Amino acid sequence: MSGRLLIIDGHALAFRAYFAFAATNLTNSKTGLPSGAIFGFWRMLFKLLQDEHVTHIAFTFDPGTRLERNDLYEDYKAHRKPMPEDLKPQIQKIYEMLQALEFPMYKINGIEADDIIGSLCKKFAKDFEEIVILSSDKDLYQVLDKNIHMLRGKRGVSEFEKIDPKWVKANIGITKEQVPDYMGLLGDASDNIPGVKGIGEKGAAKLIQEFGDLETIYKKIDKVKNKSLIDKLIAEKENAFLSRKLATIVTNLKLDIKKSDLKLPNYYDPKKVQYFKDEGYNVLHRDLAKQAGIPIASDGDSKEETPSAKKSSKEKKETVTEDSSNRSKKGNTDSVTTAVVAKQSYKRIQTLDELKKIISKLDSKKPISVDTETTSQDPMLAELLGLSFSEEPGVAYYMAFSHSESIYSHLLPSAEEALKILKPMLEDPKWKKVGQNIKYDLLVLRNYGIELKGIYFDTMLASYLLNPGERRHNMDDMAVDYLNYKTITYEELVGTGKKKQNLYDIDPDKVSEYACEDADITLQLHNALSPKMEEGIHKKLFYEIEMPVLHTLADMEFEGIAVDKKYFESLSETFETKIKEHEKNIHFYAGRQFNVNSTKELQTVLFEDLRLPAEKKTQTGYSTDHSVLESLQGTHPIIDDLLAIRKFSKLKSTYTDTLPTLVNPKTNRIHTSYNQTIAATGRLSSTNPNLQNIPIKDEEGRLLRKGFIAKKGFEILSLDYSQIELRIMAHFSNDPNMIDAYKSGADIHKRTAAGIFGVSEDQVTPDMRNKAKIVNFSVIYGVTSFGLSNNLKIGRKEAKEFIEKYFAAYKGVATYMEEIVEFCKQNGYVETLLGRRRYLPDIHSSHKMVSEGAKRVAINSPIQGTSADMIKLAMIRIHEKIKKESFRSKLLLQVHDELVFEVDPKEKNEFYQMAKEEMESAMKLKVPIVAQGKFGGNWDEAH
DNA sequence: TGTTGATGCAA
DNA sequence: TATTGCATCAACA
């Protein structure tokens, strides 16, 4: 009994490698075929072999054939997402390579990899000191044992979680023997094992804990506490037992395998090392040769396995020497890698004298990272608890401030006193500041009378530019992705649930560890990311758009907008009365009381009690949404009341009830928060509250805009771009007809109507124009005949004709759409006029719906994104002019194609001219750009 | 207590 | 089976 056996589910590892390296666009140097999964597979494998001290190994693969479990259940593993198209050949190649390198592999017709794994474990349990299974399949928990554990992939490339029987007991609360029963109740969506519908992880675990197995549950079914659970269990008894069977791993396969068959082959054998070179995987070859101590011929040629995008020769080298464990899974960030320095020196500064001394020793020529600790996520409400900084990797300081409610307060200086000492550093514009979401710290400090200057690098924005499709750009994830480093999370610091503490109640020494790490990691992220921002494609966007607009947004958020609180409160009452009235009617027509807000109950009322025809389905039942209700209008009087109550409930709950609560007590204004790193196209988004979706379309909705008012003596100005996206499409497509329309100042919707209805422009009726307007919008979103028919409420055929006529009238647009999709297929991304990229790996999907979706995104993103770039530029310039020319007017809001200002009437004309001009000239296109504006006492009047 | 789905608001 | 978002409520685990 010696040695360590590693059993690998080959498909699982290949899948993992594929997704981890999907966006790297690696290709093989000889064949030019995609090789991300292959590259990742070997990198991950070699790392595992080293980390786990493996002596023996076995690869298992699912067969391509029908499975024995299909005899039990035809749908087993059906509905599985098909494998990505470019993965299939790579798995084939991996299989070949494993064979060539003489790794032991097992694939058996009709038998799943899991069953081979189970049987191997059973057979060899006594022959090895330890058996490690690499898989993520929960079913396999049942084969774990004292010396058998599993590694399940976590986030990142080389992070694994160790699962053993103790883990199963601790995290699910069941024994490994109970796993099949547990899975029988739970089911498994990925294998299409049904389980019992309505029972989830918690429910299944509870039942098994209490009763032990399925038999006992059904024997003592009346003992089950939850009545609705009993119904579910009885209704799906058959499924439960079938699912248990499907989830039971076979461990008694007759395998003709000896321990010696599983010996790890010597992959350092020069012939095997050479194999990678011969196959065109030069980077893998180099890595392996280096480890094996084999000298490499210095051909310096390493074109393969670098992204297909253009790169400088210097970066190629970096790619070659990097460590796979540091490789980011974030998109095209192929060579971002810096190991976190080994020694750490984090220090909490105890006294003001000490603070002075440390500050005086800092080097103002070096970038310094700054991070604040506060009491709130909202920078306009946050109170400062401390500040950390770092100008050298691994070395960071934290200064804790007193807080009125903290028991540690008497030991600490006040924020005001400490900030006096920090102020010269923080406000020195030549001293470069680095931050993670530094707009937040900027605002917090501003509320303490400190104007943070010299801001030059935000790591969150850098990460966003590298991969705008990724929504997570928080420091903890970035540390793992870019530095291969696991940080202390905020939750770990303050606790969770009932144990959660206020930050000011936690020992400052502990907070210091956390805060110093934040500053340290932020600086290191900057070191890793800043070379990337120097590249042509990112430089302009980062330094000329995203970083500057950060300042503009901070000022907008700080400024806020005035609202009429009393007015909103009275609107709430008006709406409440209406809601009560309609609710009474609805209950009357239904013949009973029920929760009108509950779609589930409403379904019963409409489609069962009242027997109205149900049409649209949702995942959970029949839809009751607006379009359904609209089509039922006239069939029953309840419908009108439902439509009305929906409208008023929405207005009340989302807007009139909520907005007054978000008024800042100190400023008496609402301060939204703009997020710069959410929208994949480059747009901004707005939260707390979202001021980018305030109603405007109908009369009642517009009432809300009357509540957003100018402060005393000022006026609201709203300036918005006219048909900006259509104009950008005209520019991109170069279509002569569309360009002519804009150059000559024609009515574009009228012109489109003339085209699709085959009449002259003066014969176009308002109705035709409206339809044409919808068609124009649809095209920007990547129109389909189905979508258009829905929107115009016409037949598919008619919609199709419209589209054909549209493309005949604007041939350039048709060509553009084809070209952009082709470009995306070739390059794997699309980009805006300024080069903002969006990667779309789905464009290659063999799944039609997925690839068609990606095509629409490919069509829309450059247009939506260019518009976003343009208005950001305009905002930056207007903001600069406001400061430089000392306007008293302020920019308050951005709503994608609209800017809202609070204007001093004394400078009304001058300001209007300036803002309009900046918007129209922000970017030069082949067609004129037009912005139009209006003044008013409130936001509604300014439209 | 936190997560998911349905719904509806904007550009 | 139209693009990009965010907030609310109910239902569920």
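Here the structure is a predicted model, which means the values were calculated and not measured. The sequence lines fix the lettering, A, B, ..., with proteins before strands; numbering per chain opens at 1.
Across all strands shown, A:Asn791 has heavy atoms under 4.0 Å from base atoms, whether or not it also approaches the sugar-phosphate. At the heavy-atom level, A:Asn860 lies under 4.0 Å from the strands shown only through sugar-phosphate atoms. Among the atoms of the strands shown, none is found under 4.0 Å from any heavy atom of A:Phe777. In this structure, A:Arg856 reaches the sugar-phosphate backbone alone: every heavy-atom distance under 4.0 Å involves primed, P, OP1 or OP2 atoms, never a base. Nucleic acid contact class of A:Thr658 (heavy atoms, under 4.0 Å, all strands): sugar-phosphate only. At the heavy-atom level, A:Ser861 lies nowhere under 4.0 Å from the strands shown. A:Thr624 comes within contact range of the sugar-phosphate backbone alone, with a heavy-atom separation under 4.0 Å but no base atom that close. Among the atoms of the strands shown, none is found under 4.0 Å from any heavy atom of A:Lys206. Within 4.0 Å (heavy atoms only), A:Asn688 reaches sugar-phosphate atoms of the nucleic acid but no base atom.
When the salt bridge (Lys or Arg N to Asp or Glu O under 4.0 Å) test is applied to A:Asp842, no partner is found at least two apart in sequence or on another chain. Listed by chain and number, the residues in a side chain to side chain donor-acceptor pair (under 3.5 Å) with A:Lys916 are A:Glu920 (sequence neighbours excluded). A search for side chain to side chain donor-acceptor pair (under 3.5 Å) contacts involving A:Tyr622 returns nothing, not counting sequence neighbours.
Phosphate contact (OP1/OP2 of B:dA6, side-chain N/O of A:Gln619, threshold under 4.0 Å): present. Between A:Thr618 and B:dG5, a side-chain N or O to OP1/OP2 separation shorter than 4.0 Å is absent.
Between the C1' atoms of B:dT4 and C:dA2, the separation comes to 24 Å (whole Å).
Using bins of under 30°, 30° to 60° and over 60° for the plane-to-plane angle, the ring pair A:Phe575/A:Phe648 lands in the tilted bin.
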Which side-chain N or O atoms in residues 788-798 of chain A pair as donor and acceptor under 3.5 Å with protein atoms at least two apart or in another chain?
| residue | atom | partner | partner atom | Å |
| --- | --- | --- | --- | --- |
| A:Ser789 | OG | A:Ser785 | O | 3.3 |
| A:Ser789 | OG | A:Phe786 | O | 2.7 |
| A:Asn791 | ND2 | A:Gly787 | O | 3.2 |

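Taken to the nearest 0.5 Å, the OG1 atom of A:Thr677 stands 7.0 Å off from the CG atom of A:Asn437. Separating the CD1 atom in A:Ile820 from the CE atom in A:Met729 is a distance of 12.5 Å, to the nearest 0.5 Å.
Residues from residues 642-650 of chain A that place a heavy atom under 4.0 Å from any atom of DNA chain B, listed by number: A:Arg646, A:Lys650.
Ranked by how close their nearest DNA chain C nucleotide is to the 5' end, A:Val857 and A:Phe786 are led by A:Phe786.
Note on A:Glu852 versus A:Lys855: salt bridge recorded, some NZ/NE/NH1/NH2 to OD/OE distance being below 4.0 Å. One finds a salt bridge joining A:Glu576 and A:Lys580 here, because a Lys/Arg side-chain nitrogen approaches an Asp/Glu carboxylate oxygen to under 4.0 Å.
First and last contacts of DNA chain C with chain A, using any nucleotide atom under 4.0 Å from a protein heavy atom and ordered 5' to 3', fall at C:dT1 to C:dA13.
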